[in-house]
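The structure appears right after this line, and notes come after that.
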Amino acid sequence: MSKLKGAINQAKKDILTARMAIGALFIICLVLCGVIYSLPRSFTVHIPPELRAGSQRSMWEVPPSTVYAFAYQTFQQLNRWVKNGEENYKENIENLRALTTPGCQQFLEKDYYDRLSNGELKERTRGVYEIIGRGFSNDRVIVHSPDSWTVNLDLNVDEFFKDEKVKNTLTRFPISIVKMDTDISKNPWGLGFNCYSSIPLRLEAIESKESK
């Protein structure tokens, strides 16, 4: 009789242990489901354009070529005034909001109203273009950290008032670029245009300093 009771008690203990194990497994499964659900549905991987020699890099690493392309394309779009800078510049600032940092957005909006009050936008058209021979190279992208860069853009700035050319300068624009967590559908780059890292300078002034 005592053996039977002992067997029954042992069976009860085994059942209790099994129930606890099942309960623990159920909780673990719930936690794993929550983790899987919270994972991003897609990942951005930056692949450099030159692949003939192969490429090995971390998933989160952004190559200099991508940083340069983002800086140039964004800056060019900001400064593309096709019909009238008074309208086009304001539209560009708003359309590129997802690509610019909040601080840069405030700077651009102030720049717009400053130019407007100084009569630098009305009936003006503008464009910026890469100077031949001064396009992308690794030394044009200064790496401050894995999340921060300065891109030196050497550009030709053409500006017209009606049909009269009022500006044609060769200028170096030091552009600050940072990583930015944004809606990937609006900003697939995952980068933020952070305006200037220092004052733009005419190339003639830079080259005269370097020659001394």
Within the structure provided, determine whether [X] and [Y] are in side-chain contact (heavy-atom separation under 4.5 Å).
X	Y	result
Tyr72	Leu155	yes
Tyr68	Leu153	yes
Tyr89	Asp111	yes
Arg124	Asn84	no
Val141	Phe136	yes
Glu123	Phe160	no
Leu121	Trp81	yes
Asn88	Arg126	no

Under 4.5 Å between side-chain heavy atoms, counting indirect links through other Ile/Leu/Val/Met/Phe/Trp/Tyr residues: same cluster for Tyr129 and Val166 or not?
no
Verify same cluster id: Val128, Phe161 (apolar side-chain graph, 4.5 Å)
no
Whether over 12 other heavy atoms sit under 6.0 Å from Glu164 CD
no
Return the set of residues passing salt bridge (Lys or Arg N to Asp or Glu O under 4.0 Å) with [X] (not counting sequence neighbours), or none when no residue passes.
X	answer
Glu87	none
Glu130	none
Lys186	none
Glu120	Arg115

Asp158 side chain to Gly127 backbone, donor-acceptor under 3.5 Å:
no
Would a distance-only check, ignoring hydrogens and angles, find a side-chain to backbone donor-acceptor pair under 3.5 Å from Asp154 to Leu203?
no
Check the angle between the aromatic planes of Tyr196 and Phe107 and answer parallel, tilted or perpendicular using the 30° and 60° thresholds.
perpendicular
All ring pair (Phe, Tyr, Trp, His ring centres under 6.0 Å) counterparts of Phe173, not counting sequence neighbours
Phe75
List in chain and number order the residues that pass ring pair (Phe, Tyr, Trp, His ring centres under 6.0 Å) with Phe193, two or more places apart in sequence or in another chain; answer none if no residue qualifies.
none
Just grab all the disulfide bond (SG atoms under 2.5 Å apart) pairs involving [range], residues at least two apart or on different chains.
range	result
residues 152-183	none
residues 147-186	none
residues 76-116	Cys104-Cys195

Listed by chain and number, what are the side-chain hydrogen bond (donor to acceptor under 3.5 Å, both in side chains) partners of Thr74, not counting sequence neighbours?
none
Remaining members of Val178's ILVMFWY cluster at a side-chain heavy-atom cut-off under 4.5 Å?
none
Does a donor on one side chain sit under 3.5 Å from an acceptor on the other, for Asn152 and Arg172?
no
Please determine, by modelled atom types, if Ser137 and Asp139 share a side-chain donor-acceptor pair under 3.5 angstrom.
yes
To the nearest 0.5 Å, tell me how far [X] [atom1] sits from [Y] [atom2].
X	Y	atom1	atom2	value
Ile177	Thr101	CD1	OG1	9.0 Å
Phe70	Asn187	CZ	CG	5.5 Å
Leu78	Leu99	CG	CG	8.5 Å
Tyr112	Glu86	OH	CD	5.5 Å

Going by the rule side-chain contact (heavy atoms from CB on, under 4.5 Å), which residues pair with Ser185 if we only count those two or more places apart in sequence or in a different chain?
Asp183
The single option from Ile175, Val62, Ile142 that satisfies side-chain contact (heavy atoms from CB on, under 4.5 Å) with Trp149 is Val62
